[in-house]
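All chains are named by letter (A, B, ...) in the order of the sequence lines, taking the proteins before the strands, and each is independently numbered beginning at 1. Everything quoted here is computed from the prediction, not taken from an experiment.
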Number of protein chains: 2
Amino acid sequence: MNSEIRRTMPLLSMSIVMQLTELTARQIRYYEEHDLIQPHRTEGNRRMFSLNDVDTLLEIKDMLEQGVNMAGIKKVFAMKNDPTIQAGAKEITDGELRKILREEMRQAQRMQRTSIRQGDLSRFYQ
Amino acid sequence: MNSEIRRTMPLLSMSIVMQLTELTARQIRYYEEHDLIQPHRTEGNRRMFSLNDVDTLLEIKDMLEQGVNMAGIKKVFAMKNDPTIQAGAKEITDGELRKILREEMRQAQRMQRTSIRQGDLSRFYQ
DNA sequence: TTACGTATGTTAGTTTTCCTAACATATGAT
DNA sequence: ATCATATGTTAGGAAAACTAACATACGTAA
C-alpha cells in the first residue's frame with residue numbers, strides 16, 4: 001500500500017519541477033550552474049529532481065524575489081549546512097563579503113519598498 | 001518549506017514508474033488499456049502518474065504474481081470502490097462470474113503450491 | 001554618459017524518452 | 001491442437017530535454 005517515497009529520491013522531471021516551482025527551465029539550470037542544486041541524471045543525461053530539490057528551488061525563488069542575489073543565496077545555504085562557520089569564512093575575502101552584504105542591504109530595501117507599493121495598489125485594484 | 005504533495009498529483013513519468021514498480025512500459029500500458037489505472041496526459045500526450053497510480057500498480061503486480069488475472073483484478077478493484085455491490089453484479093453475468101472465480105481458485109492454488117515449493121528449496125539453496 | 005555584471009530570454013541543433021500500432025510468443029486452458 | 005491471455009519486440013514518429021551560443025533588461029560603477 002505505501003510505496004515509501006523519500007524526499008531525496010530523484011523522481012521528478014524538468015517539466016514537473018517547472019510546474020511545481022513556476023520557474024523556467026533556464027532558471028533552474030542556471031541555479032544548478034551555481035551549484036545551488038545537484039539534480040541526478042538519467043543514463044540519457046536528463047535531470048531528475050527530488051522533493052528536496054523542489055524545496056530548495058522554492059527557497060531560491062523566494063530569496064530572489066526578496067532581492068537577494070546568487071552570492072547571497074549561496075552564503076545562506078552554506079550557513080544552513082554548517083551554522084558554526086562564520087558567513088563568508090571560506091572562499092570569499094572580507095572585502096568581497098562586505099561588498100556583497102552592502103549590495104544585499106540596498107537591493108533588499110529597494111525591493112521591499114516596491115512590494116509595499118504593490119501591496120498598497122492591490123487594495124484599490126482588487 | 002513544505003511543497004505540499006498530494007497522492008493524486010500526476011508527478012511521475014513513465015520511466016520513474018517503471019523503476020518504482022519494476023514493471024515494463026508494456027505492462028503498465030496494458031493495465032491502463034484494461035482501465036485499472038487512468039494516468040493523466042501532458043499536452044504532448046505523455047502519461048503522468050500519481051503516487052496513487054504507483055500504489056495501484058504495485059497491487060496489480062502483487063495480485064498477478066499470486067495468479068489472479070485481469071478479470072479478477074478488475075473485480076477486486078470494483079469491490080474496493082463500492083464494497084456494497086455484490087461481486088460481478090455489474091457487467092458480468094453469473095455464468096461468467098462463476099467461470100472466472102473457478103479459474104481464480106485453481107490458478108491461485110497452483111501458484112501457492114509453486115511458491116511453497118520454492119520456499120522449501122530456498123531453505124537448502126540459501 | 002558609457003561600460004559592465006547579473007539573471008533570464010530565445011534560438012538552433014541534437015539526443016533521449018515516450019507514443020501508438022502491429023506483429024510475435026510463451027503459457028495454460030479447452 | 002487450438003485459443004486466450006499477458007507480455008516481448010520492433011518500427012516510425014513526436015514530444016521533451018539537453019547544451020551552447022547569442023540577446024537583453026536593468027542596476028551599478030567608472
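In this structure, CG of B:N69 is placed 20 Å from P of D:dC3, rounded to the nearest angstrom. Counting to the nearest Å, the P atom of D:dG8 and the CD1 atom of B:I28 are 11 Å from each other. A:E43 has its CD atom 11 Å from the C1' atom of C:dT16, to the nearest Å. For B:R29 and C:dT17, the CZ to P distance is 14 Å, given to the nearest whole Å. Atom CE in B:M14 sits about 19 Å away from atom P in D:dA14, given to the nearest Å. Rounded to an integer number of Å, the gap from CE of A:M48 to P of C:dT17 is 10 Å. If you take CD1 of B:I16 and P of C:dC18, they are 9 Å apart, rounded to a whole angstrom. In this structure, A:L23 places its CG atom 14 Å from C1' of C:dG9, rounding to the nearest Å.
Note on A:R47: only backbone sugar-phosphate atoms sit closer than 4.0 angstrom, heavy atoms only; bases stay farther off.
Residues A:T24 and A:R29 have side chains not in contact (no heavy-atom distance under 4.5 Å, counting atoms from C-beta outward). Under the 4.5 Å side-chain criterion, counting only non-hydrogen atoms from C-beta, A:P39 is in contact with A:E32.
Judged by distance alone, the side chain of B:D53 and the main-chain N or O of B:S50 form a donor-acceptor pair under 3.5 Å.
For C:dC18, one of the phosphate oxygens OP1 or OP2 lies less than 4.0 angstrom from a side-chain nitrogen or oxygen of B:S13. Of the side-chain N and O atoms in B:R46, none sit less than 4.0 angstrom from OP1 or OP2 of C:dT16. In terms of phosphate contacts, A:T42 brings a side-chain nitrogen or oxygen within less than 4.0 Å of OP1 or OP2 of C:dT17. The side chain of B:Y31 places an N or O atom within less than 4.0 Å of a non-bridging phosphate oxygen (OP1 or OP2) of D:dT7. A:Y30 has a side-chain polar atom (N or O) that falls below the 4.0 Å cut-off from OP1 or OP2 of C:dA7.
Each of B:N45 and A:T24 was assigned the nucleotide of DNA chain C with the nearest heavy atom; the assignment lying further toward the 5' end belongs to A:T24. With the nearest nucleotide of DNA chain D identified for both B:H34 and A:A25, B:H34 has the one nearer the 5' end. Across the interface with DNA chain C, nearest-nucleotide mapping of B:R26 and B:G44 shows B:G44 to be the residue nearer the 5′ end.
Around atom NE2 of B:H34, more than 12 heavy atoms belonging to other residues, nucleotides or ligands sit under 6.0 Å away.
Atom CG of A:L51 sits about 9.5 Å away from atom CE of A:M9, to the nearest 0.5 Å.
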